[in-house]
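Both ligands and their constituent atoms are indexed starting at 1 by order of listing. Since the model is a prediction, treat every value here as computed from it, not as a measurement.
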Amino acid sequence: MPDSPNVMRGVNPYHVQLTEEKINNKEHRDAVGGLWEELGTLQLNFLKKEGLLPTHNLLDMGCGSLRGGVKFVEYLDNNKYFGLDINQSLLDAGKIELANAGLENKTVNLANSNCFDASQFSVQFDCAVAISLFTHLSVNFIVQCLERVKSVLAEDGKFYATFFVVNSKDEFFSSVIQKPGEIKTSHYTDPFHYDLAIIQLMADYAGLSLDYIGDWHHPRNQKMCCFSIK
Ligand SMILES: C[S@@+](CC[C@H](N)C(=O)[O-])C[C@H]1O[C@@H](n2cnc3c(N)ncnc32)[C@H](O)[C@@H]1O
């Protein structure tokens, strides 16, 4: 499939659709960052530790090809997993991953949106998660996403999201090599980093409270933030 016109052009590479051949070669795993098993398991274990129950409605924002999704679907009750992504080919690859994991009989909700529109699911979410999504987005898109997720979050729901974090204004305006992982981040191009003052500002704009969790053993130094309704 050719490139599709998409709001992410110039922001990140996820406007490019993977061909069937690439999906057959499992290239959708690399397209979401690789470390398939490790990062899938890390996501599930983290949310379980934070209190995710099989009965909860979970929104996986920027779910991609279901690196975390396959693990979440396995854990959650039927019809409790909701994944949303801008890239249809990754969602298609995710359906194949579910079938390969023997989960084809579980009801799963996947949707394509270029404006974080999770209201199309008509569900209130106990928990939402965005792993390695905000690391690929500039500020205005993140604020839009926070605001949209807030509108579908249950009163006591939590939205967990990862960022590359820097510790000072000086670092913010520099290129930084994140350790571990050796990923080079900056304030002006993908992969993006932010400092806590800017993340707090984004939360304020969206009307959410921010709890900084920080380290959650991510192998590439992405830090965890938790947003909730004030
Ligand atoms: C690094 S991948 C992570 C996928 C998944 N969360 C995981 O952990 O495997 C980033 C994902 O964000 C999605 N994405 C990028 N920009 C997006 C946007 N504006 N709206 C929704 N999804 C987006 C990409 O298509 C891709 O699937």
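Annotation: side chain of C63 is in contact with side chain of L91 (closest heavy-atom distance under 4.5 Å). By the 4.5 Å heavy-atom criterion applied to side chains, L58 and L47 are counted as neighbours. Considering only heavy atoms from C-beta on, V129 comes within 4.5 Å of F72 through its side chain. Within the 4.5 Å cutoff, the side chain of E147 has no heavy atoms near those of the F116 side chain.
In this structure, Q43 has a heavy atom closer than 4.0 Å to ligand 1. Proximity of G33 to ligand 1 is not established, as no heavy-atom distance is less than 4.0 Å.
Taking distance alone, with nitrogen or oxygen atoms compared against 3.5 Å, V32 stays at or beyond that limit from ligand 1. Any N or O atom pair closer than 3.5 Å counts here, and L133 shares no such pair with ligand 1. Checked by distance only, ligand 1 and R67 come closer than 3.5 Å through their nitrogen or oxygen atoms.
Heavy atoms from both the backbone and the side chain of I131 come within less than 4.0 Å of ligand 1. Counting heavy atoms closer than 4.0 Å to ligand 1, residue A31 contributes nothing at all. Neither the backbone nor the side chain of F141 comes within 4.0 Å of ligand 1, counting heavy atoms alone.
Only one option out of F134, W216, Y212 pairs with F163 in a ring-ring contact (aromatic ring centres under 6.0 Å, His included); it is F134. A salt bridge (charged side-chain N to carboxylate O under 4.0 Å, His left out) with E37 is found for one member of R67, K71, R29 and no other, namely K71.
Interface atoms of ligand 1 facing M8, defined by a heavy-atom separation under 4.0 Å, are 16 (N), 19 (N). Less than 4.0 angstrom separates some heavy atom of G64 from each of these atoms of ligand 1: 27 (O). Counting the atoms of ligand 1 from 1 in the order shown, those under 4.0 Å from a heavy atom of N87 are 25 (O).
Side-chain polar atoms of E21 and N25 form no donor-acceptor pair below 3.5 angstrom.
Listed for the K106 side chain is a donor-acceptor partner under 3.5 Å among the backbone atoms of V73.
Closest to atom 20 (N) of ligand 1, if we only count protein heavy atoms, is F116 CE2, 3.3 Å. The nearest protein atom to atom 13 (C) of ligand 1, hydrogens excluded, is given as D85 OD2, 3.3 Å; this is a heavy-atom distance. Nearest protein heavy-atom contact of atom 10 (C) of ligand 1 is S132 O, 3.3 Å. Summary of contacts: the protein heavy atom closest to atom 5 (C) of ligand 1 is G62 O, 3.2 Å.
Relative orientation of the F227 and F159 rings is tilted, given thresholds of 30° and 60° on the angle between their planes.
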Practice problem: Check the pair Q200, D204 against side-chain hydrogen bond (donor to acceptor under 3.5 Å, both in side chains), reporting the backbone distance first and the verdict last. | Solution: CA-CA 6 Å; Q200 182 65 61; D204 291 345; 3.1 Å; yes

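Relative to atom 22 (N) of ligand 1, the option among I86, V129, N12 with the closest non-hydrogen atom is I86.
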